[in-house]
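Hydrogens, waters and symmetry mates are skipped; everything else that's a heavy atom, side chains included, is used.
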Amino acid sequence: MFPQRSTNPVRQRRIELALTQQEAARRAEVSVATWRRLEAASGLDGFKADNVRGFARALRLGMAEFHRLMGSDEVDEVDQESDDLVRFFNASFTGDPITAADAMALHSTVAFSDFAPMNSKRFAVEHALGCGFPAFLKGEASIREVDLLRDLPELALTQVNNHWLVRMGERIMRVGGLLGEGRVPRAVCLADEYALSIVIMNTDPPSVGDVLHMYPGLHDREHLAPRYWEDEDGHELVVDWRDRMLGALLPPEEAHDYRRHDLLVLEMHGQGIYDISDPRHPLRWFDRDDLQGRCQSSLDYARLSDEEKETREREALERIGW
């Protein structure tokens, strides 16, 4: 009998992530030939530094983890980039309203999505490789095969064109981009609200087996067990974390006249909005409004003491003659 050939660790990791070679190459922003060369290699000699970082990103591994996967002894040297990123996120996200681990988990959802590679921040339709949003634009896939965008309401997907979807994709990339710059993403239009909610609902809570393992040292307000959502009470914990993110990053319902809430109810009842003058119509989602101002005003009021609230209410009643 012939001895069984051991599985290449890169190939094994790619299979664990349910990626084809084409999909992995696109995430790494390299050619398929370069990716195949990686899977046949026993080390990283001959690969450019940018390619190596792309390989790690495609496999959802930190640089140190990827080098260990490849049997490299350069762990201390390549850890510097990860350490710098961890320090940056720890300094930028202190728990008000989200922790560094929360921010990194949300950022990773966008960075690792098939829809929005974060390196170029541009759509590369000619490099579609039969998957993702570029493939949809080329007519090679349906919108239901596009990561993140497929979670848009049906009433939006049935009333918009490709240009609208590109704009929506840019709002989703904006979420990841702002987090990567150390800034908390805030909604300035209804499209932003949907982009934020889609990213949040596609993100698992940070855990030792995921983001906290890939980027050790990220600050979090509580110690999390490895992949705790796989336990008996896991689903409830995931829901609680996502609800906390929605509450932290989206404006309160009363700040925008329940537009998004109305759309959810309408979709549940199979109804749509076809009047483009209606502010809830998809073509109006990108209209900038005063969400930030109204949201901040609502938050400032909520943080007042009961005595200060009573004083303001009394002054307001006096102004209208009550």
* To do: Applying side chain to side chain donor-acceptor pair (under 3.5 Å), run through Trp241 and Asp204 and close with a yes or a no.
  => CA-CA 8 Å; Trp241 181 84; Asp204 285 327; over 6 Å; no

* **Side-chain donor-acceptor contact under 3.5 Å, Ser305 with Glu308** =>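 Short answer, yes.
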
* Asked: For residues Trp285 and Asp192, is any side-chain donor paired with an opposing acceptor at under 3.5 Å?
  -> no

Evaluate the side-chain proximity of [Y] to [X]: yes if any heavy-atom separation is below 4.5 Å, no if none is.
| X | Y | answer |
| --- | --- | --- |
| Met245 | Leu250 | no |
| Val175 | Leu148 | no |
| Pro205 | Val238 | yes |
| Leu38 | Met70 | yes |
| Val184 | Arg186 | yes |
| Val10 | Trp35 | yes |
| Leu246 | Met201 | yes |

* Can Arg36 and Glu39 be counted as an ion pair, charged N to O under 4.0 angstrom? ->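 No, no charged N to carboxylate O under 4.0 Å.
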
[Y] backbone acceptor or donor facing [X] side chain under 3.5 Å:
| X | Y | value |
| --- | --- | --- |
| Arg13 | Leu59 | yes |
| Arg242 | Thr203 | yes |
| Arg14 | Leu19 | yes |
| Asp102 | Ile98 | no |
| Thr311 | Glu307 | yes |
| Thr34 | Val30 | no |

Which pair of heavy atoms, one from [X] and one from [Y], lies closest together, and at what distance?
| X | Y | value |
| --- | --- | --- |
| Trp164 | Asn161 | N-OD1, 2.9 Å |
| Leu249 | Pro97 | CD2-CG, 4.4 Å |
| Ala100 | Phe89 | CB-O, 3.5 Å |
| Ser31 | Ala25 | O-CB, 3.9 Å |
| Ala187 | Pro251 | CB-CD, 4.1 Å |
| Gln159 | Pro282 | OE1-CD, 4.4 Å |

To the nearest 0.5 angstrom, please state how far the [atom1] atom of [X] sits from the [atom2] atom of [Y].
| X | Y | atom1 | atom2 | answer |
| --- | --- | --- | --- | --- |
| His107 | Thr109 | NE2 | OG1 | 10.0 Å |
| Arg171 | Glu193 | CZ | CD | 12.0 Å |
| Glu170 | Arg174 | CD | CZ | 11.5 Å |
| Phe93 | Leu218 | CZ | CG | 10.5 Å |
| Thr20 | Ile15 | OG1 | CD1 | 11.0 Å |
| Leu165 | Leu149 | CG | CG | 6.0 Å |

* Give the C-alpha distance, both sets of side-chain angles, the deciding distance and a yes or no for side chain to side chain contact (heavy atoms under 4.5 Å, CB included) between Tyr194 and Ile172. => CA-CA 9 Å; Tyr194 271 102; Ile172 292 174; over 6 Å; no

* Leu157 and Arg150: side chain to side chain contact (heavy atoms under 4.5 Å, CB included), yes or no, with the steps? -> CA-CA 8 Å; Leu157 296 178; Arg150 62 186 172 204; 5.8 Å; no

* Group every Ile, Leu, Val, Met, Phe, Trp and Tyr by side-chain heavy-atom contacts under 4.5 Å, then state whether Leu69 and Val52 land in the same group. => yes

* **Joint hydrophobic cluster, Val110 plus Leu178, side-chain heavy atoms closer than 4.5 Å** => no

* Asked: Taking the six-membered ring of Phe286, is NZ or CZ of Arg167 closer than 6.0 Å to its centre and within 45° of its axis?
  ->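 Arg167 over Phe286 ring: yes.
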
* For Arg183, does the CZ atom have more than 12 heavy-atom neighbours from other residues, nucleotides or ligands under 6.0 Å away? -> no

* **Other residues, nucleotides, ligands: >12 heavy atoms within 6.0 Å of Arg11 CZ** => no

